[in-house]
Number of protein chains: 2
Amino acid sequence: MSVNPAPRAYQVVLTAIENDLRSGVLTLGDQLPGERALAEQHGISRASVRDAIRILDVMGIVRTSTGSGPNSGAVIISEPSAGISQALRLHVAAKGINVREIVESRILLETWAAQMHPRDTVYAQQVLDRTAVLIMRMDDPQLSRDEFHRIDAEFHVLLASTAGNAVVESMMESLRNSISDYVAASIPDDESWQPIVRTLRRQHKAIHHAFATDQRERAAQLLEEHINWFYSQTR
Amino acid sequence: MSVNPAPRAYQVVLTAIENDLRSGVLTLGDQLPGERALAEQHGISRASVRDAIRILDVMGIVRTSTGSGPNSGAVIISEPSAGISQALRLHVAAKGINVREIVESRILLETWAAQMHPRDTVYAQQVLDRTAVLIMRMDDPQLSRDEFHRIDAEFHVLLASTAGNAVVESMMESLRNSISDYVAASIPDDESWQPIVRTLRRQHKAIHHAFATDQRERAAQLLEEHINWFYSQTR
DNA sequence: GACGTAGTATGGTCAGACCACACTTCGAAA
DNA sequence: TTTCGAAGTGTGGTCTGACCATACTACGTC
């Protein structure tokens, strides 16, 4: 019966980098030292260093690329939704989370964001303009379903982003991503899709109008109906 | 100018396993095939297989251990909070998320959970009993600060779990974990900690009482005040 | 039958190699 | 002198093959 959790080699590098991030030694846009250099610095093998960097990669902390130069190697980005999306997605697959919970959470986050007073009114106005463009693009009858879903997701995330909370924004994006396959699979034929998309367009316009006229309560209510209605169609 | 995002080798295994999870071929408690077997099956090296499994590991999908037998190797668990915690934690370090957003999100999730009618009243009653025990343990003056924080977190997560939403529960746990170091560091000395812990104990008891007497609105309000007050002390 | 030991398969780690790639450098051609 | 292309250099990505500690299994001994 072993009690020790067996310390992993990559943890050394991971902790070191996390500390550097916290203390500000490493900031957005910086390059990490090369894998070979990190391996030597910490006295572990390159394989273990790669474990640590792989984790930072899937978590959306760094982006890695081959080649040399200032844009190569592991560069600090910070895309919280990347890691959270991946986690939620896998746990939905593993049945640790079900679709009801995802939908419930989406409604919670989106209605909250809708009712929040925008943290930045100039940005909020820009969002209104950009979402208007998205609505127009979703009117295109030539649009593929995949593309529609992509723009649809962007529409929702953009509206929620006016609340100015990266956690909520990332969560929304992640929740949407985590079940996008499920959604796509549950409405297989185009015949059943056509009437649905018409309703979605109408709902989006109503939601946008409520936002534009500052009817926050109403926007929240419309969003809740919109999300609930859509998922009721996926069965 | 390369346009291809360079397909990663480990993605093959990751997708295969995700599909098996989705289709039910793999379920909770199952063992994954050995790394050497997976490598041969997919025609890639063991190193790349390990990349995939490492990801499943940090995401909380599997637990790996050495040795042989039914409990060895990679076993499917499903601990959503593991992956999300790690992601949030790193992004807080990388300044992609700030503490205000964490606190705001905590309040959103906890007050929502408090106002939700419990999905399972029997479970809710058990939670009330267990949180009562936690409150008693937090009264122990011998308790270390670390231990207090641990029990405190468990208290909050347990209360929220009555809402019956794994996403919300995982998020709460993750938000709490992601800034626990920050909290610990911001109240360094025991002299300033003593008066704080007294208030926390009082607030916890009031919250528990509101839950026990089914005053959901009041419980939500007390939670909000409790969380806001505590973080106002960490500056 | 009980018990201890050898066997076996697992993940964890390491070393070393080769590749494709992207930038850098520098010399040759205009 | 300027331009441009080829060689050079360092990066992560992948593979191979090896060794280790561990934990269970099976077998042989008592």
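Residue numbers start from 1 in every chain, and the chains themselves are labelled A, B, ... in the order their sequence lines are given, proteins ahead of strands.
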(request) Could you tell me how the ring of A:Trp193 sits relative to the ring of A:His149: parallel (under 30°), tilted (30 to 60°) or perpendicular (over 60°)? (result) tilted
(request) Rounded off to whole Å, could you give me the CD-to-P distance for the B:Gln31 and D:dC24 pair? (result) 11 Å
(request) May I ask you to decide whether B:Arg150 forms a salt bridge with B:Glu147, counting only side-chain N to carboxylate O separations under 4.0 Å? (result) yes
(message) Tell me the interatomic distance from A:Leu14, atom CG, to C:dG12, atom C1', rounded to whole angstroms.
(response) 16 Å
(request) Sugar-phosphate atoms are those with a prime plus P, OP1 and OP2; base atoms are the rest. Using that split, label each nucleotide of nucleotides 4-11 of chain C B, S or - for protein heavy atoms under 4.0 Å, 5' to 3'. (result) -----BBB
(message) Check this for me, if you would: do A:Arg8 and B:Asp57 make a salt bridge, where the nitrogen-to-carboxylate-oxygen distance has to be below 4.0 angstrom?
(response) yes
(message) Give me each pair satisfying side-chain hydrogen bond (donor to acceptor under 3.5 Å, both in side chains) with a member in residues 75-95 of chain A, each pair once, sequence neighbours excluded.
(response) A:Ser78-B:His91, A:Ser85-A:Ser174, A:Ser85-A:Asn177, A:Arg89-A:Asp181, A:Arg89-B:Glu18, A:His91-B:Ser78
(request) Let me know the distance between CD of B:Glu40 and C1' of D:dC15, rounded to the nearest Å. (result) 15 Å
What N/O pairs connect the protein and nucleotides 26-28 of chain D at under 3.5 Å? Give each pair on its own line.
none

(message) Just the rounded figure in Å: distance from C1' of D:dG12 to CG of A:Asn71.
(response) 14 Å
(message) Can you identify which nucleotide, out of D:dT14, C:dC23, C:dT13, has its nearest atom closest to the A:Pro70 side chain?
(response) C:dC23
(message) Counting C-beta onward and ignoring hydrogens, is there a side-chain heavy-atom pair between B:Ile55 and B:Asp51 closer than 4.5 Å?
(response) no
Pairs under 3.5 angstrom only: tabulate donor-acceptor contacts from the side chains of residues 96-104 of chain A to other protein residues two or more places apart or in another chain.
from     : atom 1 : to       : atom 2 : distance (Å)
A:Asn98  : OD1    : A:Arg100 : N      : 3.1
A:Asn98  : OD1    : A:Glu101 : N      : 3.0
A:Arg100 : NH2    : B:Gly164 : O      : 2.6
A:Glu101 : OE1    : A:Asn98  : N      : 3.0
A:Glu101 : OE2    : B:Ala166 : N      : 3.1
A:Glu104 : OE1    : B:Asn165 : ND2    : 2.8

(message) If I take atom CG in residue A:Asp51 and atom P in nucleotide C:dC14, what distance separates them, rounded to the nearest angstrom?
(response) 10 Å
(message) Can you list everything that forms a side-chain hydrogen bond (donor to acceptor under 3.5 Å, both in side chains) with B:Thr131? Sequence neighbours excluded, please.
(response) B:His208
(message) Applying side-chain hydrogen bond (donor to acceptor under 3.5 Å, both in side chains), can you list everything that pairs with B:Tyr10, at least two apart in sequence or on another chain?
(response) none
